[in-house]
Amino acid sequence: MDKLNATFYNFTQQVQGALYGALFVGQNKLSEPLPTLPPLIQVRGGYAESPGWFMVQASEFDPQPLTVANLRVRDIYASERIVAALLELLAGEQWLQRRGEAYYLTPAGRDLLATIRQRARLLLDVMEAPLPQPAMEQLESLLARIIDASLQAATPPGAWCLAHSRNRAPAADAPLFLRINQYFSDLNAFRDDAHMAAWQPLGINGHAWETFALIYAGQAASAAEVYAKLPFRGYAEEEYKAALLALTQRGWLANNGDTFAVTAAGEQEWTAVEKRTNGYFYAPWTTLTDAEVDEVRQLLENLHERAQILAK
């Protein structure tokens, strides 16, 4: 169990990325081109603040609407401005319909989501299985037990993000690839539950915590550098400067002019948050024996290796 840490969680997401690569390389095997997607849905691919991710969220909340407030429960690092702008953009395409402050999926939006699912099904028809059927079934069974246990997590961390992620889970008789792929998305959602529960009691807002994370990781040292890394979040450079100064007042950062670095107190705070995050996230894994945890790790390593081969 001592190897269950942030690095292993990150690896689960790398496996999912490799699976997507293996899936989409099959386009050249299709007898006809995939159904096309609107150009807008491909804008900012891979970012939370994107039309594509917001449509995924619409499917998770359906039949309840999207709002700026409920989207920012999970996308806490984004400004209200950018969330509201993207919702209006989707409403302009008639994929969502605004009623007051709420945005509901329209028939056109449901058709778009159905097209996205159809593309995956067509690619699965020509994709070589990444692992033998028994191995895929065993991995699916083990991951299902982890996700089921995570859904029962006490508060903190709770399972708000995870419960919404499961709202778009494929049917029990769906292809194994789709069910396993969804479990990786579920792990991502529950990691968000765990991490937010770990840092939010500190009483800072999302963009300040993300600013601190960049400084800690050595990826930025000034407000200008933070802004250059995060323009898609919808905050201005001066807002990141204010966050840096607030973190300095807490004693987590020290500054030399416009340049900031983590202090010993900041290092201690970061380490404590990481420990809480891992504790919350991996607590449900105790539903597995140590041998079964090792089996999950081995199956994921095999799946990652094979998916990388297929993607070539």
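All values below come from the heavy atoms of this structure, side chains included, with hydrogens, waters and symmetry mates left out. For clarity, every value in this text was computed on a predicted model and none was experimentally measured.
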Practice prompt. Give the intermediate values and the outcome of salt bridge (Lys or Arg N to Asp or Glu O under 4.0 Å) for residues D62 and R168.
Written response: CA-CA 9 Å; D62 190 43; R168 61 185 174 94; over 6 Å; no
Fill in: Verify same cluster id: Y47, V68 (apolar side-chain graph, 4.5 Å)
no
Item to complete: Could you check L202, V262, I215, L244 and say which one makes a side chain to side chain contact (heavy atoms under 4.5 Å, CB included) with W252?
Response: L202
Practice prompt. Kindly compute the distance separating CZ (R110) from OG (S59), expressed to the nearest 0.5 Å.
Written response: 10.0 Å
Practice prompt. Start with the C-alpha distance between E60 and Q57, add both sets of side-chain angles, then the distance that settles side-chain contact (heavy atoms from CB on, under 4.5 Å), and finish with yes or no.
Written response: CA-CA 5 Å; E60 290 187 1; Q57 295 307 294; 3.4 Å; yes
Discussion item. Does F11, at its CZ atom, have more than 12 non-hydrogen atoms belonging to other residues, nucleotides or ligands within less than 6.0 Å?
Written reply: yes
Worksheet item: How long is the gap from CD on Q138 to CG on L143, to the nearest 0.5 Å?
Response: 10.0 Å
Discussion item. On a heavy-atom basis, which atom in F281 and which in L187 lie closest, and how many Å separate them?
Written reply: CE1-O, 3.4 Å
Practice prompt. Measure across R98 and E88 and return the closest heavy-atom pair with its distance rounded to 0.1 Å.
Written response: NE-OE2, 2.7 Å
Worksheet item: Would a 4.5 Å heavy-atom cut-off, applied to side chains only, mark M136 and L303 as touching?
Response: yes
Worksheet item: Do F212 and I204 touch side chain to side chain, with heavy atoms closer than 4.5 Å?
Response: no
Worksheet entry | Test item: Q182 side-chain N/O and R166 main-chain N/O as donor-acceptor pair under 3.5 Å | no
Worksheet item: Is M196 reachable from L151 through a run of hydrophobic residues whose side-chain heavy atoms are each under 4.5 Å from the next?
Response: no
Discussion item. Against the six-membered ring of Y104, is R99 placed for a cation-pi contact (under 6.0 Å from the centre, within 45° of the normal)?
Written reply: yes
Discussion item. Is there a path of hydrophobic side-chain contacts, each under 4.5 Å between heavy atoms, that joins L4 and L299?
Written reply: yes
Worksheet item: For the side chain of R72 and the backbone of A78, is there at least one donor-acceptor N/O pair under 3.5 Å apart?
Response: yes
Discussion item. To the closest 0.5 Å, what do you measure between CD1 (I76) and NE2 (H195)?
Written reply: 12.0 Å
Discussion item. Strictly distance-based, threshold 3.5 Å: is any side-chain N or O of E305 a donor or acceptor partner for the main-chain N or O of N302?
Written reply: no
Worksheet entry | Minimum side-chain heavy-atom gap T67-E101 below 4.5 Å | no
Worksheet item: After noting the C-alpha distance and the side-chain angles of L40 and W95, does the key distance pass the side-chain contact (heavy atoms from CB on, under 4.5 Å) rule?
Response: CA-CA 11 Å; L40 177 61; W95 299 333; 3.9 Å; yes
Discussion item. Looking at every heavy atom in both S185 and Q16, which two are closest together, and how far apart are they?
Written reply: OG-NE2, 3.0 Å
Discussion item. Can you confirm whether P51 sits close enough to L86 that some side-chain heavy atom of one is under 4.5 Å from a side-chain heavy atom of the other?
Written reply: yes
Discussion item. Can you confirm whether L214 sits close enough to F260 that some side-chain heavy atom of one is under 4.5 Å from a side-chain heavy atom of the other?
Written reply: no
Worksheet item: What ring-ring contact (aromatic ring centres under 6.0 Å, His included) pairs are there with at least one residue in residues 137-172, not counting sequence neighbours?
Response: F61-W160, F61-H164, W160-H164
Distance-only donor-acceptor hits, side chain of residues 17-30, under 3.5 Å, sequence neighbours excluded:
unit_1 : atom_1 : unit_2 : atom_2 : d
Y20    : OH     : N181   : ND2    : 3.1
Q27    : NE2    : F24    : O      : 3.2

Practice prompt. Could you tell me whether the side chain of D186 and the main chain of L162 form a donor-acceptor pair under 3.5 Å?
Written response: no
Item to complete: List the steps and the verdict of side-chain contact (heavy atoms from CB on, under 4.5 Å) for L300 and F184.
Response: CA-CA 11 Å; L300 290 178; F184 290 130; 3.6 Å; yes
N/O donor-acceptor pairs under 3.5 Å from side chains in residues 219-231, not counting sequence neighbours:
unit_1 : atom_1 : unit_2 : atom_2 : d
S222   : OG     : E225   : N      : 3.2
E225   : OE1    : A221   : N      : 2.6

For residues 116-132, please give each side-chain donor-acceptor pair under 3.5 Å, one per line with the distance, not counting sequence neighbours.
unit_1 : atom_1 : unit_2 : atom_2 : d
R119   : NH1    : P35    : O      : 2.6
E128   : OE2    : R306   : NH2    : 2.4

Discussion item. Could you report the tightest heavy-atom contact between A194 and P157, atom names first, then the distance?
Written reply: CA-CB, 3.8 Å
Discussion item. I need the T277 OG1 to W199 CH2 distance, nearest 0.5 Å.
Written reply: 10.5 Å
Fill in: Reported CD-to-CZ distance for the pair E49 and R81, which is rounded to 0.5 angstrom
12.5 Å
Practice prompt. Find the distance between SG (C161) and CG (N188) and round it off to the nearest 0.5 Å.
Written response: 9.0 Å
Fill in: By side-chain contact (heavy atoms from CB on, under 4.5 Å) - contacts of A149 (at least two apart)
P284, T287
Worksheet item: Minimum heavy-atom separation for A144 to Y183, with atom names?
Response: CB-OH, 3.3 Å
Worksheet item: V83 and Y240: same hydrophobic cluster, using ILVMFWY side-chain contacts below 4.5 Å?
Response: no
Item to complete: Check whether any side-chain heavy atom of Y103 lies under 4.5 Å from a side-chain heavy atom of L90, and answer yes or no.
Response: no
Worksheet item: Hey, are the side chains of E292 and R145 touching, using non-hydrogen atoms and a 4.5 Å cut-off?
Response: yes
Worksheet entry | Side-chain donor/acceptor of N256 to backbone N/O of T259, under 3.5 Å | no
Worksheet item: Which is it for Q152 and D148 under the side chain to side chain donor-acceptor pair (under 3.5 Å) test, yes or no, and what are the steps along the way?
Response: CA-CA 7 Å; Q152 305 304 315; D148 286 345; over 6 Å; no
Practice prompt. With side-chain contact (heavy atoms from CB on, under 4.5 Å) as the test, would you mind laying out the steps for L112 and L37 before giving the verdict?
Written response: CA-CA 8 Å; L112 173 59; L37 295 176; 4.2 Å; yes
Worksheet item: Under 4.5 Å between side-chain heavy atoms, hopping through other hydrophobics if needed: is there a path connecting I82 to F232?
Response: no
Worksheet item: What heavy-atom pair brings A48 and W53 nearest, and what distance separates the two atoms?
Response: O-CE3, 3.0 Å
Discussion item. Whether the side chain of Y282 engages the backbone of N5 through a donor-acceptor N/O pair (distance < 3.5 Å, no angle test) should be reported.
Written reply: yes
Practice prompt. Using a 4.5 Å cut-off on heavy atoms from C-beta on, say whether the side chain of F54 contacts that of L71.
Written response: yes
Discussion item. For Y9, does the six-membered ring have the charged nitrogen or CZ of R191 within the cation-pi criterion, i.e. under 6.0 angstrom from the centroid and within 45° of the normal?
Written reply: yes
Worksheet entry | N70 side chain to L66 backbone, donor-acceptor under 3.5 Å | no
Discussion item. Going by side chain to side chain donor-acceptor pair (under 3.5 Å), name the pairs with one or both residues in residues 263-276, residues two or more places apart or in two chains.
Written reply: Y216-E267
Item to complete: Would you confirm whether T106, through its side chain, and Q94, through its main-chain N or O, come within 3.5 Å as a donor-acceptor pair?
Response: yes
Item to complete: Inspect the surroundings of CG in D258 and state if more than 12 heavy atoms from other residues, nucleotides or ligands are less than 6.0 Å away.
Response: no
